Chemist: 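Got a structure for you, written out below as structure tokens; questions coming shortly.
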Amino acid sequence: MGKVNVIAIDGPAGSGKSTVAKRLAKRLGFLYIDTGAMYRALTLKAINEGVDFMDEKALIELSRKTDIELKDEGGSLRVYLDKKEVSEPIRTMQVTGKVKYVASIGGVRENMVKLQRSLGACSSGAVLEGRDIGTVVFPDALHKFYLDASFKTRAKRRFDELKEKGFSITLEEVEKDVRDRDASDKKRSIGPLKKAEDARVIDTTDMTVDEVVEYILKKINEKK
Ligand code: CDP
């Protein structure tokens with residue numbers, strides 16, 4: 001089987017994946033798939049339904065009967081959970097703090113990966129961003145990138161982003177969240193955050209979003 005027309009972008013929180021992936025998809029006319037938003041949506045549903053985060057079976061069952069859709073509305077990605085828009089509530093610190101429980105369960109990941117593959121395969125081209133895109137979801141992606149940046153830079157970016165959205169939060173709280181999520185994303189046994197062997201690493205610490213996008217486009221064109 002040939003390689004699929006997918007650009008896989010993986011990396012830790014605050015490495016710039018979302019902004020870069022969004023812009024890249026727009027430039028190429030590709031579908032943009034934010035896989036983190038899917039794990040967040042499921043986490044929100046578990047909170048709303050009072051599911052015990054230690055109950056793996058219940059969380060797997062929940063992932064099986066949950067409808068998650070990503071829609072491009074006027075150039076911005078909107079997330080729908082069981083037909084209801086949840087683009088904003090999935091970004092709260094409450095959801096961010098709980099997502100690790102959902103994301104570390106193999107049965108949940110299987111269902112999410114299935115959905116991600118079917119979305120990517122239906123499109124004529126897609127940019128997927130997450131933690132395990134190049135390793136698990138689309139190991140046969142045409143292009144793979146792994147974005148990273150220093151811890152301080154990543155935490156500061158996330159802090160600025162949350163502030164801009166109006167969240168009242170301290171830099172220390174954000175640093176703690178990023179540190180915790182880095183650790184749990186790397187250590188889980190299924191679909192951990194990991195660079196695919198054939199992924200190109202980009203250290204975005206001292207790069208602007210535009211520079212990263214241009215660099216990726218250049219690398220993609222070189223391969224054609
Ligand atoms: O934007 P940020 O990097 O903070 O996170 P996100 O992409 O919205 O993902 C939220 C969480 O979902 C991550 O911390 C991961 O634990 C999980 N996730 C995952 O396990 N696998 C993915 N492919 C994407 C996200």
Side-chain angles (χ1 to χ4, degrees), residues 1-25 27-28 30-39 99-100 102-155 157-158 178-207 209 211-224:
M1 211 178 75
K3 296 213 168 197
V4 288
N5 200 19
V6 157
I7 301 175
I9 303 191
D10 290 302
S15 56
K17 292 179 316 268
S18 299
T19 329
V20 165
K22 233 178 273 175
R23 286 213 202 160
L24 209 54
R27 286 278 292 270
L28 296 165
F30 280 19
L31 183 68
Y32 164 56
I33 303 174
D34 173 359
T35 63
M38 297 178 176
Y39 289 96
V99 73
K100 65 178 177 213
V102 168
S104 62
I105 302 171
V108 168
R109 299 197 72 86
E110 259 173 45
N111 289 327
M112 294 291 142
V113 169
K114 231 184 266 170
L115 175 61
Q116 292 154 15
R117 282 188 185 140
S118 72
L119 287 174
C122 286
S123 70
S124 51
V127 181
L128 279 91
E129 57 128 329
R131 304 292 190 282
D132 57 342
I133 310 302
T135 50
V136 176
V137 185
F138 282 108
D140 50 356
L142 210 42
H143 306 281
K144 297 183 188 180
F145 297 92
Y146 185 91
L147 268 51
D148 210 343
S150 73
F151 173 76
K152 285 279 174 201
T153 303
R154 294 190 292 110
R157 283 178 186 162
R158 183 43 46 95
V178 171
R179 192 174 298 113
D180 285 357
R181 279 196 301 140
D182 277 1
S184 75
D185 281 343
K186 283 183 183 160
K187 77 158 197 255
R188 71 172 163 254
S189 53
I190 302 145
L193 166 64
K194 200 170 143 216
K195 181 189 105 57
E197 265 177 32
D198 50 349
R200 190 182 284 274
V201 178
I202 308 175
D203 182 342
T204 70
T205 306
D206 297 312
M207 290 172 89
V209 170
E211 283 170 343
V212 181
V213 171
E214 291 309 323
Y215 177 82
I216 292 180
L217 287 170
K218 193 171 127 223
K219 291 298 161 199
I220 289 174
N221 285 325
E222 278 173 12
K223 248 186 157 183
K224 273 182 186 161

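Here the structure is a predicted model, which is why all the values come from computation and not from measurement.
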Chemist: Identify all side-chain donor-acceptor contacts of residues 16-23 below 3.5 Å with residues at least two apart in sequence or on another chain.
Modeler:
residue	atom	partner	partner atom	Å
Lys17	NZ	Gly11	O	3.0
Lys17	NZ	Pro12	O	3.4
Ser18	OG	Glu129	OE2	2.8
Arg23	NH1	Asp210	OD1	2.6

Chemist: What heavy-atom pair brings Tyr32 and Ala25 nearest, and what distance separates the two atoms?
Modeler: CB-CB, 3.7 Å
Chemist: From Ile220 CD1 over to Ile7 CD1, what is the distance, rounded to the nearest 0.5 angstrom?
Modeler: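 Answer for the CD1-CD1 pair, Ile220 versus Ile7, is 3.5 Å.
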Chemist: Around atom CD of Glu197, are there more than 12 heavy atoms of other residues, nucleotides or ligands at under 6.0 Å?
Modeler: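 No, the 6.0 Å shell around CD holds no more than 12 heavy atoms from other groups.
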Chemist: With a 3.5 Å distance limit and no angle check, can you tell me whether Arg188 reaches the backbone of Ser104 through a side-chain donor-acceptor pair?
Modeler: no
Chemist: How far apart are the closest heavy atoms of Gly191 and Arg109, and which atoms are they?
Modeler: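 In this case the closest contact between Gly191 and Arg109 is O-NH2, 3.5 Å.
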Chemist: For Asn221, does the CG atom have more than 12 heavy-atom neighbours from other residues, nucleotides or ligands under 6.0 Å away?
Modeler: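 Check passes, neighbour count above 12.
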Chemist: Got Leu217 and Glu214 here, is their nearest side-chain heavy-atom distance under 4.5 Å?
Modeler: yes
Chemist: Distance from Asp185 atom CG to Asp10 atom CG, nearest 0.5 Å?
Modeler: 11.0 Å
Chemist: Kindly give the heavy-atom pair with the smallest separation between Glu211 and Asp206, and that separation in Å.
Modeler: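 So the minimum-distance heavy-atom pair works out to OE1-O, 4.0 Å.
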Chemist: Verify, without hydrogens or angle tests, whether Asp140 (side chain) and Val4 (backbone) share a donor-acceptor contact under 3.5 angstrom.
Modeler: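 Between the backbone of Val4 and the side chain of Asp140 there is no qualifying donor-acceptor contact (under 3.5 Å).
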Chemist: State the CG-CD1 distance between Leu24 and Ile216, to the nearest 0.5 angstrom.
Modeler: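 Between atom CG of Leu24 and atom CD1 of Ile216 there are 5.5 Å.
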Chemist: Distance from Ile33 atom CD1 to Ser123 atom OG, nearest 0.5 Å?
Modeler: 6.0 Å
Chemist: Take Asp132 and Val113 through the test side chain to side chain contact (heavy atoms under 4.5 Å, CB included) and record every step on the way to the result.
Modeler: CA-CA 9 Å; Asp132 57 342; Val113 169; 4.2 Å; yes
Chemist: Check this for me: Lys152, atom NZ, are more than 12 non-hydrogen atoms of other residues, nucleotides or ligands nearer than 6.0 Å?
Modeler: no
Chemist: Which donor-acceptor pairs under 3.5 Å do the side chains of residues 114-121 make with protein atoms, sequence neighbours left out?
Modeler:
residue	atom	partner	partner atom	Å
Arg117	NE	Val137	O	2.9
Arg117	NH2	Val136	O	2.7
Ser118	OG	Leu115	O	3.0

Chemist: Can you tell if the side chain of Ser15 reaches within under 4.5 Å of the side chain of Arg154, non-hydrogen atoms only?
Modeler: yes
Chemist: Test side chain to side chain contact (heavy atoms under 4.5 Å, CB included) on Thr204 and Arg157; report intermediate values, then the result.
Modeler: CA-CA 11 Å; Thr204 70; Arg157 283 178 186 162; 3.0 Å; yes
Chemist: A quick test of your reading: do over 12 heavy atoms of other residues, nucleotides or ligands sit less than 6.0 Å from NZ of Lys194?
Modeler: no
Chemist: Minimum heavy-atom separation for Lys100 and Ser184, please, with both atom names.
Modeler: CB-OG, 3.5 Å
Chemist: Using a 4.5 Å cut-off on heavy atoms from C-beta on, say whether the side chain of Tyr39 contacts that of Arg131.
Modeler: no
Chemist: Would you give me the side-chain donor-acceptor pairs under 3.5 Å for residues 142-149, sequence neighbours excluded?
Modeler:
residue	atom	partner	partner atom	Å
Lys144	NZ	Gly134	O	2.9
Lys144	NZ	Pro139	O	2.7
Lys144	NZ	Asp198	OD1	3.1
Lys144	NZ	Asp198	OD2	3.4

